[in-house]
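To start, the structure under review is shown below, and the notes come after it.
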2 protein chains.
Amino acid sequence: MNTDTLDRKLLGLLQEDAKKTNKELAGKLGLSVTAVYERIKKLERAGVISKYVALVKPEKVDRAFTAFCQIKLVQHTKNNVTAFESQVAKLSEVLEVFHVSGEYDYILKVMVRDMEAYREFMLNKLTALDHIGSTQSTFVISPVKNSTVLKV
Amino acid sequence: MNTDTLDRKLLGLLQEDAKKTNKELAGKLGLSVTAVYERIKKLERAGVISKYVALVKPEKVDRAFTAFCQIKLVQHTKNNVTAFESQVAKLSEVLEVFHVSGEYDYILKVMVRDMEAYREFMLNKLTALDHIGSTQSTFVISPVKNSTVLKV
DNA sequence: GCTGAAAATTAAGCACG
DNA sequence: CGTGCTTAATTTTCAGC
């Protein structure tokens, strides 16, 4: 799909606030409401916009403690990898899982209430998974930036 | 704010799909449209829901290459820390910045087009920032899970 | 705090340049 | 592809419980 400058601006606006009405967007872009509507539908159909979500403040729901957990598997057979990935993806404390290059195999972003909850999580949930070799945790002291906006 | 089971269910639904109508939500929760409407407004006013955003597929906008970049500052004076944080937060390639414990001071999540774009980013943007000591990059081979949902 | 209906706004569809 | 009008749907408000 070819996206022009207006599409890029539109994507920027919708990534900041998806509740803006087409009328407001039209005003900012210098287009008609229908033109905005059609551009949005085109971006949705093309899969550029994958979904619309509400973002929740972690501290308001007791999930303000963030840690990155790096993981090594004991063995990298296809079965081990598949099993580990599907199991770890099920854990609600684990927001993100990336298979990565380097010393460790995976990086997890984990969000829980506090350090005690993290300890509980490690003991009862994570290290209960199959095929885990070693782990290393890095704790967030302060979130400096946390954006979902892909500037295009 | 006290959130009951219905609020938690509602937050779960809105975090998955913010475009659901109050009518649909009402059906799923066994409430009236107005009751849903008032609960949502309450959650917004209380700041539990911080914003509504459109999520964009990285591969559709040439940003499918993700790297984690760990950074050490040369010196941890207050001025250095403040200056670095404000500068790095301005970079659109850097989606997330966390001040962390451990060997490195910061973890950055960087999203760019490809490895070449990452090299460009490192040379021209990141290492151009003041006070950076050393960096270490970890590259994402495959994203396994990438959620914004805080299960409450 | 919930319900149901009315009023206001917005989204979706249509004819046309 | 764009605009402007028309209709459908949804959000928001309100009286009453």
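In this text, all values refer to a predicted model and were calculated from it rather than measured experimentally. Protein chains get the first letters and strands the later ones, always in sequence-line order, with residue 1 at the start of each.
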With [X] via side chain to side chain contact (heavy atoms under 4.5 Å, CB included) - residues at least two apart:
{"X": "A:N146", "result": "A:K109, B:E96, B:F98"}
{"X": "B:D7", "result": "B:M1, B:T3, B:D4, B:R39, B:K42, B:L43"}
{"X": "A:S86", "result": "A:K90"}

Item to check | Helical stems, DNA chain C - three or more consecutive Watson-Crick or G-U wobble pairs below 3.5 Å | outcome: C:1-16 with D:2-17

Item to check | Test item: A:K41 and A:E38 side chains (from C-beta on) under 4.5 Å apart, heavy atoms | outcome: no

Checklist entry - What pair of heavy atoms forms the shortest contact from B:V88 to B:V94, and how long is it? => result O-CB, 4.0 Å

Checklist entry - If you look at every heavy atom in A:T127 and A:M122, which pair is closest and at what distance? => result OG1-O, 2.6 Å

May I have the distance from [X] (atom [atom1]) to [N] (atom [atom2]), rounded to whole angstrom?
{"X": "A:Y52", "N": "D:dT10", "atom1": "OH", "atom2": "C1'", "answer": "16 Å"}
{"X": "A:K41", "N": "C:dC14", "atom1": "NZ", "atom2": "P", "answer": "15 Å"}
{"X": "B:K19", "N": "D:dT10", "atom1": "NZ", "atom2": "C1'", "answer": "12 Å"}

Checklist entry - Roughly how far, to the nearest 0.5 Å, is the NE2 atom of B:H76 from the CZ atom of B:F84? => result 10.0 Å

Considering only distance and modelled atom types, tabulate donor-acceptor pairs under 3.5 Å from the side chains of residues 23-31 of chain B, sequence neighbours left out.
from, atom 1, to, atom 2, distance (Å)
B:E24, OE1, B:T21, N, 3.0
B:E24, OE1, B:T21, OG1, 3.4

Checklist outcome for this item: So, with a heavy-atom separation below 4.0 Å from DNA chain D, the residues of residues 20-40 of chain A are A:S32, A:T34, A:A35, A:R39

